[in-house]
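What you see is a predicted model; the values in this text were computed from it and never measured.
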Number of protein chains: 2
Amino acid sequence: MRRTGDQFMVKEINTSIVMDTILRYHSISRARISEITGLNKGTVSSLVLELINQQLVFETGAGESSGGRKPVMLQFNGDTGYVIGIDLGVNYILTILTNLQGDMICEHQEDITGLNSHEIIPLLVRTIGIVSSQAPLSHYGIVGIGIGVPGMVDSEGTVLFAPNLGWTHVDLRAAVQVYYPEMPIFVDNEANMGAIGELQYGAGKKVANLIYISVGIGIGAGIILKNELFRGTAGYSGETGHMTIDADGRLCRCGNRGCWELYASEQAISDMGKSIKLNGVTGTLESYITSAQEGQVSIIEAFDKIGHYLGIGVANIINIFNPDLVIIGNRLTLAERWISQSMQDTVKKRALPIQRQSAIVQFSSLSSHSTALGASFMAVSAFLQKSTART
Amino acid sequence: MRRTGDQFMVKEINTSIVMDTILRYHSISRARISEITGLNKGTVSSLVLELINQQLVFETGAGESSGGRKPVMLQFNGDTGYVIGIDLGVNYILTILTNLQGDMICEHQEDITGLNSHEIIPLLVRTIGIVSSQAPLSHYGIVGIGIGVPGMVDSEGTVLFAPNLGWTHVDLRAAVQVYYPEMPIFVDNEANMGAIGELQYGAGKKVANLIYISVGIGIGAGIILKNELFRGTAGYSGETGHMTIDADGRLCRCGNRGCWELYASEQAISDMGKSIKLNGVTGTLESYITSAQEGQVSIIEAFDKIGHYLGIGVANIINIFNPDLVIIGNRLTLAERWISQSMQDTVKKRALPIQRQSAIVQFSSLSSHSTALGASFMAVSAFLQKSTART
DNA sequence: TTAGTTTGTACAGTGGCTAAACAAAGTTAA
DNA sequence: TTAACTTTGTTTAGCCACTGTACAAACTAA
């Protein structure tokens with residue numbers, strides 16, 4: 001049943017409050033923490049002492065006096081440990097190393113075009129080794145690995161279905177765990193990781209309800225509600241790409257008709273491209289962007305149309321969730337310049353007036369790093385939770 | 001900032017766990033509660049003693065022995081207080097009186113067709129008086145009032161916009177509070193109340209993620225995620241009726257095109273009815289149902305179509321949320337017989353296979369009482385929370 | 001120098017929890 | 001019938017994290 005309350009729970013809650021306060025204010029004294037949180041000065045002192053002993057917090061010296069004894073300033077010790085975040089894309093692996101504050105130390109990218117899972121996983125493990133070796137010496141070392149995958153992932157870290165990788169039932173967590181038996185490893189959908197990345201380090205820093213829409217070959221969404229990832233009953237929420245926006249529309253490979261991703265994804269621009277008279281365009285998103293930069297009108301109009309359809313789905317999401325923020329991420333952000341205007345116009349036209357007032361729609365501010373950063377934060381979060389739990 | 005942990009919080013949490021356990025098992029001994037919850041026997045004893053002193057729980061006598069001393073069975077004292085739940089509909093007020101377990105003691109309905117807010121509110125207050133007078137003598141008496149309204153409601157209980165009532169900015173809570181100055185009063189959207197009603201007393205009793213779709217003149221949704229109502233950032237979530245399901249569809253009064261409620265609501269059936277050759281049909285939902293009962297094919301086909309479009313939106317919601325359960329409520333449930341089949345067929349076709357496995361779609365099991373019961377539960381919930389809080 | 005302010009620690013007291021002991025009340029079987 | 005065992009619910013001692021208060025240390029300002 002539910003966890004019962006006892007003194008350890010109280011301490012855990014309060015330690016976490018103290019920690020969050022230090023993180024939020026960056027540099028703060030014990031006295032201020034006590035004031036802000038409402039915790040007794042003595043309580044704060046004793047909790048901070050433990051955090052210092054764990055090397056999670058350190059004293060940076062005296063701060064400015066406001067007419068009395070100078071405060072001793074505290075800071076989170078971001079470099080006491082490091083984590084690895086991996087964005088396993090359709091044709092690339094992006095592996096990054098960050099400290100506990102999300103500062104990126106190094107990154108490494110590999111092309112995986114045409115490889116199958118038996119080739120990809122060893123390569124992925126190799127990238128972990130490469131960035132690990134770049135980690136500065138620290139008290140805790142590497143404390144966790146997060147991996148974002150373009151497909152459905154169950155709670156055990158098994159990739160159930162990743163159509164664009166051609167994977168079904170690949171137990172990715174276990175496969176990596178073999179190489180790092182003691183390491184906490186977190187595998188989740190790429191859109192969920194992206195949503196967390198934006199919430200923690202991107203545009204959604206001070207926001208409670210955020211929908212991250214990952215627009216690549218298909219469309220997926222990471223849903224953050226009340227500051228928490230919402231995964232759905234079985235972990236399959238956010239399949240917004242298969243939301244019907246045209247009841248009698250084109251047939252989708254999912255069996256449904258008029259799915260959003262048929263009209264507003266990388267796939268959609270390719271489909272449009274085929275029917276446009278091309279001059280030297282090869283069919284990749286990048287090639288269409290080049291054409292648009294060169295001023296080819298038919299391509300620019302195609303992007304405009306994509307933006308319109310993107311806006312229809314975004315407006316639906318706003319009407320359903322009433323979020324603070326909708327963030328468009330993943331590959332299609334490359335075409336922001338040609339998509340943004342028509343998308344925003346359509347959202348303005350289609351979302352209810354009362355929703356528009358509060359909801360903001362924007363493109364990812366972390367560009368191509370949302371997923372990797374989110375994945376790394378999963379590991380950070382688990383590490384801090386474990387650290388502040390019962391001693 | 002966040003609430004800090006202290007011994008009172010621990011007690012509150014554990015009291016609430018004990019209370020929930022008693023409610024769930026209906027009749028249970030202290031020893032079993034201790035076993036189930038993991039709380040120490042002494043802790044359970046002392047918490048139960050307080051609940052008994054507050055008359056929230058009582059001992060019903062000895063239970064069956066399992067080879068030792070007979071246990072003393074405990075039960076929740078549902079009749080220690082009563083609450084009022086009100087479903088303010090477009091042309092009716094349904095006011096019910098329930099005990100703290102949701103058992104309905106009496107109900108009262110009034111027709112409000114053609115009345116404005118200055119006439120409706122006094123009438124609503126009068127219905128409160130009528131059902132109040134039916135309340136049996138109890139220790140706490142009437143402990144709260146909940147009201148469900150067909151429109152957007154802010155956190156202060158002001159009805160911001162209720163198009164079908166013709167209300168804008170009516171401070172309903174304050175208006176009722178005048179008559180009952182000390183009474184806790186909760187005003188919320190009718191779909192939110194319905195969702196809570198189904199979660200507590202209806203089909204969604206053992207479910208974490210439930211979407212209640214209220215299909216009346218328009219469509220609204222109450223969203224329960226992780227056992228909690230999700231209201232959105234400003235409280236305007238669930239405006240699913242204005243989700244686009246046909247990108248180039250008909251114009252809606254909201255300014256958008258192809259809104260779901262144009263195709264799958266009471267309004268939709270009326271619109272269809274106009275273009276059907278009628279024999280004696282007057283244009284109300286009831287009249288169409290009568291025609292369908294009489295076997296008029298064009299009407300039956302119209303309902304079938306409504307079911308199809310209802311299914312499209314439901315499939316979208318399933319793909320987005322991955323819920324345990326979707327419940328269709330409000331007026332259109334009257335036509336369940338003619339709508340259900342085509343709706344279920346469409347959902348089966350349109351929701352992703354993996355979602356279908358877990359999600360169930362059904363019509364309300366509380367029929368027309370979901371909203372009133374949900375409203376009454378809001379009051380029960382607040383009362384119990386207050387009672388188990390710090391003494 | 002002195003008075004006042006601010007910071008952080010020390011210490012007693014509170015209260016809710018746990019573990020263990022125990023009394024009461026039952027069953028089971030020789 | 002009696003003895004041994006089980007189960008229930010209360011009591012008691014001890015633990016631990018919190019709070020409030022007192023206080024020393026360190027600083028500002030007049």
- Item | Interatomic distance where CD belongs to B:E35 and P belongs to D:dT8 [whole Å] | 7 Å
- Task: Please identify each residue that fulfils ring-ring contact (aromatic ring centres under 6.0 Å, His included) with B:Y82, with sequence neighbours left out.
- Result: none
- Item | Distance in angstrom units between B:L49 CG and C:dG16 C1', rounded | 15 Å
- Query: Roughly how many Å is it from CZ in A:F8 to P in C:dG16, rounded to a whole number?
  - Reply: 17 Å
- Query: Which salt bridge (Lys or Arg N to Asp or Glu O under 4.0 Å) pairs, counting each pair once, include a residue from residues 195-208 of chain A, with sequence neighbours left out?
  - Reply: none
- Query: Base, sugar-phosphate alone, or nothing: which one does A:V44 contact when heavy atoms must sit under 4.0 Å apart?
  - Reply: nothing
- Task: Determine which pairs satisfy side-chain hydrogen bond (donor to acceptor under 3.5 Å, both in side chains) with at least one residue from residues 34-44 of chain B, sequence neighbours left out, and list them in order.
- Result: B:R32-B:E35
- Note on the structure: Residue set satisfying salt bridge (charged side-chain N to carboxylate O under 4.0 Å, His left out) with B:D154, at least two apart, ordered chain then number -> none
- Note on the structure: Separation of D:dA24 atom C1' from A:K70 atom NZ, nearest Å, is 19 Å
- Let me know, please, whether A:S66 or B:G67 comes out on the 5' side of the other along DNA chain D by nearest nucleotide. B:G67
- Which of D:dT28, C:dT7, D:dG9 is nearest the side chain of A:S65? It is D:dT28
Contact list (N/O, under 3.5 angstrom) for nucleotides 18-20 of chain D vs protein:
from, atom 1, to, atom 2, distance (Å)
D:dC18, OP1, A:N14, ND2, 2.7
D:dT19, OP2, A:N40, N, 3.2
D:dT19, OP2, A:T43, OG1, 2.7
D:dG20, N7, A:N40, ND2, 2.7

- Measure distances between side-chain N and O atoms of B:R69 and base N and O atoms of D:dT7, and say whether any donor-acceptor pair falls under 3.5 Å. no
- Query: How many Å lie between CD1 on A:I13 and P on C:dC17, as a whole number?
  - Reply: 13 Å
- How about A:L373 and A:I96: do any of their side-chain heavy atoms sit closer than 4.5 Å? yes
- Item | Derivation of the side chain to side chain donor-acceptor pair (under 3.5 Å) call for A:T98 and A:D103 | CA-CA 5 Å; A:T98 76; A:D103 301 323; over 6 Å; no
- Message: I need the residues from residues 23-33 of chain B with at least one non-hydrogen atom less than 4.0 Å from DNA chain C; give them sorted by number, or say none.
- Response: none
- What pairs with A:E228 under side chain to side chain contact (heavy atoms under 4.5 Å, CB included), at least two apart in sequence or on another chain? B:K226
- Note on the structure: For A:Y236, the ring-ring contact (aromatic ring centres under 6.0 Å, His included) test, sequence neighbours excluded, returns none
- Message: Enumerate the salt bridge (Lys or Arg N to Asp or Glu O under 4.0 Å) contacts for residues 58-70 of chain A, please, sequence neighbours excluded, ordered by first and then second residue.
- Response: A:R30-A:E59
- Task: To the nearest Å, give me how far apart CE (A:M73) and C1' (C:dT6) are.
- Result: 13 Å
